[in-house]
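In what follows, a single structure is set out as structure tokens and then discussed.
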Amino acid sequence: MLKVNDNYLKLKAGYLFPEIARRVNTFCSEHPDVDLIRLGIGDVTEPLPSACRDAMKAAIDEMGTHAGFHGYGPEQGYPWLREAIAKFDYHLRGCDISAEEIFVSDGSKCDSSNILDILGPKNRIAVTDPVYPVYVDSNVMAGRTGEVEDSGCYEGLSYIAINEANNFEAQIPKESLDLIYLCFPNNPTGAVATKSKLAAWVDYALKNDALILFDAAYEAFIQDNDIPHSIFEIEGSRQCAIEFRSFSKNAGFTGTRCAFTVIPKTLKGRTQDGKSIDLWSLWNRRQSTKFNGVSYIVQRGAEAVYSNEGQSQVKSLVNFYMENANLIRTELIKAGLTSYGGENAPYVWIKTPDGLDSWSFFDLLLDKANIVGTPGSGFGVAGEGYFRLSAFNSRKNVEKAMKRIANL
Ligand SMILES: *Cc1c(COP(=O)(O)O)cnc(C)c1O
């Protein structure tokens, strides 16, 4: 008899977004004429920049000629894209990252879960709480955790709470851990990590022979000049960190699909028998075997992000969403709601009023303002009592939503 991967059965049932959909559908069928505003989804809404579209159109035409046709490309990505990334995202910020250390992919969601392929089964793993659910669920699926406990936490996983009490800063653990997931600017809280905080994490990782998986999907939204955009701005990080980056949120590539992972060649791990081995080679082997690269057309589109035109178009997109975020943040505060984030990230993290739990606040907003947001508790136990609103929407919808909240 065929056996399945039982680890999948450990995943918490009634996962966040299906439950949101269920409640929204029920509400809409009871109120068929309702004008619902969705501020819950972490997906962009503005069209693709013309620089990227033009580059992709030209690439399609090239593909229609014998001279310009491209079949399988390098599994690691085309050298011209890796060079552009190395120059613009790293060298210009003073980071020592070479094109060879950049692996182009079709998404950070897959990279941040696929990375477990090259890591052993016995690592002590930590995530922040609340957290981007992919980090937790991919570990559950890979059998790197135990069962879910009554609290909603998984056995064998360490949770680092980020909340009001610690100013949404991930505190350095007292115990020794091997693998730490950090995402800054943070989804869902919109919090950022200062240079000194990241330096403390790098210091911790070096002392404990640990690996930091740094998700910088929202780096383009950083407004403060002294907040690092990359973990590789921190000295020593080449010995202890992998970084995930994506074109999804800055250039609106959520449906186009292009991202990259940076693995310094100086990054080492240990084999079962204690030998030191570099992670770059393992990931290169993994990608060469299991991945066949991102389409030529899409990589040309991503390359165009680094053209003068592309840079200014991406800046306009980011500014547009950040104006939304600013509007949401200031209007919520005016309405008397305690709110965080939204200053260097496209998410605003609301403390639910009157001690309501996250789902009660969800129902209240849905019922009284016809606004859909995301309950903080869906991102982890420490997210209970919070609520996420996303700045990814039209200005009209954001303004309308804020007016409704002001009138509540
Ligand atoms: C949106 C997002 C990403 C990007 O994922 P892609 O697969 O590249 O679209 C990565 N990490 C976080 C935390 C995100 O919210």
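All values derive from a computational prediction rather than experimental measurement. Indexing begins at 1, ligand by ligand and atom by atom, following the structure's order.
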Test D178 against every option in R270, K122, R124 by the side chain to side chain donor-acceptor pair (under 3.5 Å) rule and name the one that passes.
->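 Result: among R270, K122, R124, R124 is the only option passing the side chain to side chain donor-acceptor pair (under 3.5 Å) with D178.
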Nearest atoms (heavy-atom pairs only) where I172 meets Y204 |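 Where I172 meets Y204 most closely, the heavy atoms are CG2-CD1, 3.5 Å.
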So is C183 close enough to ligand 1, meaning a heavy atom under 4.0 angstrom away?
->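 Distance cut 4.0 Å: C183 passes for ligand 1.
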Closest protein heavy atom (residue, atom, distance) for atom 15 (O) of ligand 1 |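 Of the protein heavy atoms, Y218 OH, 2.6 Å lies nearest.
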For atom 9 (O) of ligand 1, which protein heavy atom lies nearest, and how many Å away is it?
->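 Going by distance alone, atom 9 (O) of ligand 1 is nearest to S248 OG, 2.6 Å.
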Under-4.0 Å salt bridge between E19 and R23 =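 Salt bridge present between E19 and R23.
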Hey, is D203 close enough to K207 for a salt bridge, meaning N to O under 4.0 Å?
->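 Yes, D203 and K207 are salt-bridged.
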Heteroatom proximity flag, N187 to ligand 1, N/O under 3.5 Å =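 There is such a contact, yes.
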Ring geometry between Y218 and F221 (parallel below 30°, tilted from 30 to 60°, perpendicular above 60°) |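 Because their plane-to-plane angle lies in the 30° to 60° range, the rings of F221 and Y218 count as tilted.
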Flag for Y340-E164: side-chain donor and acceptor within less than 3.5 Å |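 A donor-acceptor contact under 3.5 Å links the two side chains.
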Which of the atoms in ligand 1, numbered in the order shown and given with their element, are less than 4.0 Å from a heavy-atom of D215?
->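 Counting atoms of ligand 1 from 1, those under 4.0 Å from D215 are 10 (C), 11 (N), 12 (C), 13 (C).
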Atoms of ligand 1, numbered as shown, that sit under 4.0 Å from any heavy atom of G107 |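 Ligand 1 atoms under the 4.0 Å threshold to G107: 7 (O), 8 (O).
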Closest to atom 2 (C) of ligand 1 (judged by heavy-atom distance), picking from K109, K249, R257, R245 =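 Going through K109, K249, R257, R245 one by one, K249 has the nearest heavy atom to atom 2 (C) of ligand 1.
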Per-residue contact class, F247 against ligand 1 - non-hydrogen pairs under 4.0 Å |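 For F247, there is no contact with ligand 1 at all, from either part.
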